[in-house]
Amino acid sequence: MINTAVGKDTHVSENQPDPDGETAAARRLAEALDPSAIDALLADAKAAGTPIDGVDGLLNQMTKAVLERSLQTEMTHHLGYDRDDPAGHGTGNSRNGSSTKKVATTNGPVTISVPRDRNGEFEPQIVPKRARRVGQIDELVLSCYARGMSTRDIEAHLHEVYGVEASRELISNITDVVTDEIEIWRNRPVDEVYPIVYIDGIRIKIRDKAAVTIKSAHLVIGVDVEGRKHALGCWIAETEGAKFWHSVLTQLRNRGLRDILIACCDGLSGLPDAITSVFPDTVVQTCVVHVIRNAMRFVSYQDRKKIVKSMRTIYTAPTVEAAELALKDLDTTWGRQYPGVIDVWQRAWGEFIPFLDYPPELRRIVYTTNAIESINFQLRKITKTRGHFPSDEAAMKLLYLGLRNISSKRGGESGTGTHGWKTALNTLVVLFPGRLPL
């Protein structure tokens, strides 16, 4: 749904394997195995009582054979000659037996023989020195963690399903590999202009100075000129206010952001003033759904449908004047019984009325912050499984992995589009002349 990539392109480390190459290699291996040979293997396994998968299964034995064959091939490449080849005489280096090593794979733990050379210069790549995990174990741990599983749960899962012994400290160390990635993501350049930016947050519990406190994790989503949504950043803070938001927006400005046409948010303390301070031409639009939801807190169940119908005449009004008349009618009818409803609308009025200047196609997009609330809903699912986080860094690690997981499920690194965006974009060109980089 959103883009969490570093910059505009997918972030791939130098040591990351090529997935297309791995797929092609796996396909060639499958094609090389004759169906009759596979049938014979399965028949032998059945006769011997060997399971297909699991720690002692056939797939595990094949994994062992493939790894050891790969290591022997690497050794041949390192030395420059095959085993027992006379060309190796006088080269100054040769094979020197092997050592055993137990590694964790997604098929279970495997004990393999790792070849050695006499000079001790061999550096295997498929199973590096001191590595105890191969295949997708690290990715599996990150995936489980991103879905809200605790280190204790992941430890039990790896042991029960894969027979892999992994301590909670090891699992925590695996998830720590994203720390540098988070810093790159939080400081990456952003676009110069985002027509619409959504800002909202979720509450999480974090231990701070020997006490558990409630903090807010604020997420900023930007919609670019193509209508694609991008996660611009996430900030954790105990208190909100103009100073905090000024710092957040200044960071975005320092990362290349020069203009926001419409900032859609929900009455976050100090945010409107901070936006107009850093981006003076930006229109601050309160989320209409939040206004309705806040107002409905004061309404008895039996009157909810009637008041919702009355409030609908306010946010569907064709003009500001018509909306003011609708609010006055709401006050006349329900103000004495539910003064809290009227108070909510009056306090939000200044940031609500820009919405009324927009045509229907643009109103549908800025009507609500649901674009960000759907993300926050999924983040709440993975954070609620924790009683509290030991630090801000631990909370940020889980939130980032959660965002990365959401991104991969909802359209990849480029994010997803916005329904009816082309029509809305044409409206924005008219309403904000000269401010879009078209």
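It should be emphasised that the depicted structure is a prediction, and the values quoted were computed from it without experimental measurement.
For the pair Glu74 and Phe122, the minimum side-chain heavy-atom distance is below 4.5 Å. Counting heavy atoms from C-beta outward, Ile112 and Thr100 have side chains that stay 4.5 Å or more apart. Using a 4.5 Å cut-off on side-chain heavy atoms (C-beta onward), Leu431 and Thr427 make contact. Arg116 has its side chain out of reach of Ser98: every pair of non-hydrogen atoms, C-beta onward, lies at least 4.5 Å apart. A heavy-atom distance below 4.5 Å is not found between the side chains of Asp281 and Phe432.
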Legend entry - Evaluation steps, side chain to side chain contact (heavy atoms under 4.5 Å, CB included), between His78 and Glu121: CA-CA 9 Å; His78 170 67; Glu121 298 171 348; 3.9 Å; yes
Inset, instruction - Please report the C-alpha distance between Leu249 and Leu257 in whole Å, then the side-chain angles of each, then the deciding distance to 0.1 Å, and finally whether the side chain to side chain contact (heavy atoms under 4.5 Å, CB included) criterion is met. - result: CA-CA 9 Å; Leu249 295 167; Leu257 181 58; over 6 Å; no
Legend entry - side chain to side chain contact (heavy atoms under 4.5 Å, CB included) evaluation trace for Ile214 with Ile204: CA-CA 6 Å; Ile214 296 179; Ile204 52 179; over 6 Å; no
Inset, instruction - Take Val284 and Ile262, measure what side chain to side chain contact (heavy atoms under 4.5 Å, CB included) needs, and give me the verdict at the end. - result: CA-CA 6 Å; Val284 180; Ile262 302 173; over 6 Å; no
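Atom-to-atom distance recorded for Phe377:CZ and Ile202:CD1 is 12.0 Å, nearest 0.5 angstrom. Rounding to the nearest 0.5 Å places NZ of Lys397 at 8.0 Å from OG of Ser391. Between atom CG of residue Asn376 and atom OG1 of residue Thr383 there is a gap of 9.5 Å, rounded to the nearest 0.5 Å. Put simply, CD1 on Ile275 and SG on Cys265 are 5.0 Å apart, with the number rounded to the nearest 0.5 Å. Annotation: the span from Ile307 atom CD1 to Thr333 atom OG1 amounts to 9.5 Å, rounded to 0.5 Å. Atom-to-atom distance recorded for Met396:CE and Ile182:CD1 is 7.0 Å, nearest 0.5 angstrom.
Side-chain contact, His218 with Asp200: no donor N or O sits under 3.5 Å from an acceptor N or O. At a cut-off of 3.5 Å, with distance as the only test, no side-chain donor of Asp259 or Tyr194 sits close to an acceptor on the other residue. Between the side chains of Tyr400 and Glu181, a donor-acceptor pair is found at a separation under 3.5 Å. At a cut-off of 3.5 Å, with distance as the only test, a side-chain donor of Trp235 or Gln251 sits close to an acceptor on the other residue.
Of all non-hydrogen atoms in Ala217 and Ile236, the two that sit nearest each other are CB-CG1, 4.1 Å. Between Leu362 and Ala424, the shortest heavy-atom contact is CD1-CB, 4.2 Å. Minimum heavy-atom separation, Ile382 to Leu398: O-CD2, 3.6 Å. Minimum interatomic distance between Val278 and Arg253 (heavy atoms only, all atoms of both residues): O-NH1, 3.6 Å. When every heavy atom of Pro124 is checked against every heavy atom of Leu71, the shortest pair comes out as CB-CD2, 3.7 Å. The minimum heavy-atom distance between Pro280 and Ser277, with the atom names listed, is CD-O, 4.3 Å.
More than 12 heavy atoms of other residues, nucleotides or ligands shown are found within 6.0 angstrom of CD on Gln337. At most 12 non-hydrogen atoms from other residues, nucleotides or ligands lie less than 6.0 angstrom from CZ of Arg312.
Between the side chain of Asn294 and the backbone N or O of His290, at least one donor-acceptor pair lies under 3.5 Å. Thr282 places no side-chain N or O within 3.5 Å of a backbone atom of Thr276 that could act as its donor or acceptor partner. For Trp334 (side chain) and Pro339 (main-chain N/O), no donor-acceptor pair under 3.5 Å exists by modelled atom type. The main-chain N or O of Glu226 is found under 3.5 Å from a side-chain atom of Asp224 such that the two form a donor-acceptor pair.
Between Lys215 and Asp208 there is a salt bridge, since at least one side-chain N of the basic residue sits less than 4.0 Å from a carboxylate O of the acidic one. Checked for salt-bridge contact, Glu183 and Arg186 meet the test: a charged N lies under 4.0 Å from a carboxylate O.
If you run side-chain contact (heavy atoms from CB on, under 4.5 Å) between Tyr198 and each of Leu232, Val220, Leu219, Val223, only Val223 comes through.
A centroid separation of less than 6.0 Å is found between the aromatic rings of Trp345 and Phe352.
Stacking of Arg207 on the aromatic ring of Phe389 is not recorded, the 6.0 Å distance cut-off and the 45° axial limit not both being met.
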